[in-house]
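As the structure is a computational prediction, the values presented were derived from the model and not from experiment. Every number for a ligand or one of its atoms is a count from 1 in the order of the listing.
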Amino acid sequence: MDKIIIIDYGSQYNALIARRIREMHVYAEVISHLDEITYDQNIKAIILSGGPNSVYDELAPKLHPSVLSLNVPILGICYGMQLLIQTFGGKVGPGDIREYGKNQIDIEHESLLTLNMHETSTVWMSHGDKVLELPETFEMLASSKHAIAMVKHKEHDIYGVQFHPEVTHTSEGKTLLSNFVFEIAKAKPNWSIKDFITSKIKEIKEEVKDEQVILGLSGGVDSTVAAALLSKAIGKNLTCIFVDTGLLRKHEAIEVIQNYEVFSDMNIIKVDAKQEFYQALKGITDPESKRKIIGRVFFEVFEKEKSKLKNASYLAQGTIYPDVIESISIKGPSHTIKSHHNVGGLPKQSTFKILEPLKELFKDEVRAVGHTLGLGEELVNRHPFPGPGLGIRIIGEITEEKVHILQEADDIFIKALRAHHLYDQVSQAFAVLLPVKTVGAMGDMRTYEHVLAIRSVNSTDFMTADVSRLSYDFLDEVSTSIINQVRGINRVVYDITSKPPGTIEWE
Ligand code: XMP
């Protein structure tokens, strides 16, 4: 399989570059700038991502020597372009005028990179530094009002762009990336979901052999698809454990088990660990600590179940690509935003070997795998639900009573979305219980109860998200139902923060 390597210099959006390329059916992978790239004939090109540093800072990430030694086409984006210019002897420095947001570029010299692009094109810029002087070996291909916008090495397939072709605001960004991938790197579009499934099944079989695998089933899309894939690969050697953490949605514990009845030959064990979780979370308010504790208790439960099974040495998880990128910063400089428990929470002393068959995939790709494996719409199109569950949707200390209040309110919201045929039109919706009480009046009584936030977002890959434009009438209906039916809540607010700057979950 041909692949394009993307080197992470710290941009939050480097995963978007990978996404754009995979949309063209070419496999793309993000690695840290510290990693050495070893020769692999499948590597067709390297892309250097953007990043927050200035190339002239002493501690700024450098170009790893292995990048040039591979002799494959290179495209530097923003910081990546400035790094190329500096490495080849040019000059980069602070610009007089920074360019953020939409800008225009004029293409002055045509090249393979600009094939089928207009002479003037709208691009999205985000830079303070700029190229002050080109190395002798480079030529300028395009400029913006204040900066050199596109460059090319005179003899080699080394290109740089000051703008971000991966974001949708760059109107011809897809054309440019496609030119790089197909015209310059000559990659073949041979990445498909079917191939992914076939090669993953083979890989799992080869790795696991006759050993037993335990998988934590949450009822969400990711773990369900991971279970289906593993089940295809190793059959009865897979045991799924569904843990009732006491932090699930209303009726979730029952519904999940019912949903899995279609997998007639799958071993599923249900473990009631509610009290273990509540006990461990007593008095804890810090979001990161909650995530870590929930992760730890999960693993303790798994370890206990594991000891009951013969030969169970693997733990499989439904980790997906955004979890990996957003939580461990792939040894690179992308900032850690949250520790997703299923990536960052594995205790060091754990004896499990980890299997994460979906860790290269984006959410919509995971759904496509689910569809291809024949899972039902209902299962595949469920909104994502985070591993730590309602634990990260109760801000402040978690108590059984608060879980109950949130479950009731969340259930009303989700049912209303379904009743109005909105559930499938939004990507993820949920309620969050706040540790804030406000005064209200119900009947002639003064009330002093919790505030509930409701949130609904639209997104394809959950790396970025927009607020769902739900109508006021609908929101009004939901708010009224919640306040009338759920004791403990007397005010409902709608969260109108997109991602970024917010994250989807509140903690
Ligand atoms: P954020 O809040 O980071 O969430 O914008 C992005 C997506 O990931 C889900 N999420 C998680 N999923 N374990 C999971 O399996 C976690 O710890 C976790 N935290 C967030 C979140 O619901 C959204 O879909």
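A salt bridge does not link K304 to E300: none of the charged nitrogens lies less than 4.0 Å from a carboxylate oxygen. A salt bridge is absent between E255 and R249; no separation between the charged side-chain nitrogens and carboxylate oxygens falls under 4.0 Å.
Among the atoms of G387, some N or O lies under 3.5 angstrom from an N or O of ligand 1. For a threshold of 3.5 Å applied to N or O pairs, the pair formed by I504 and ligand 1 contains at least one separation below that value. Considering backbone and side-chain atoms alike, R393 places every N or O at 3.5 Å or more from each N or O of ligand 1.
The residue from P386, G295, G502, G389 that puts a heavy atom closest to atom 9 (C) of ligand 1 is P386. With atom 5 (O) of ligand 1 as the reference point, the heavy atom nearest to it among E507, E505, K499 is part of K499.
Using modelled atom types, one finds no donor on one side chain facing an acceptor on the other under 3.5 Å when comparing S49 with S11. Between the side chains of H420 and E477, at least one donor-acceptor pair of N or O atoms lies under 3.5 Å.
Within 6.0 Å of NZ in K437 there are more than 12 heavy atoms belonging to other residues, nucleotides or ligands.
Aromatic rings from F299 and F352 are positioned such that their centres are separated by 6.0 Å or more. Here H383 and Y423 bring their ring centres to under 6.0 angstrom of each other.
Remark: distances from the non-hydrogen atoms of R291 to ligand 1 include one below 4.0 Å.
Looking at P384 against ligand 1, only its side chain comes within 4.0 Å, counting heavy atoms.
Atoms of ligand 1 found under 4.0 Å from any heavy atom of P388, numbered from 1 in the order shown, are 13 (N), 16 (C), 17 (O). Every atom of ligand 1 with a heavy atom of F462 under 4.0 Å away is listed here by number and element: 6 (C), 24 (O).
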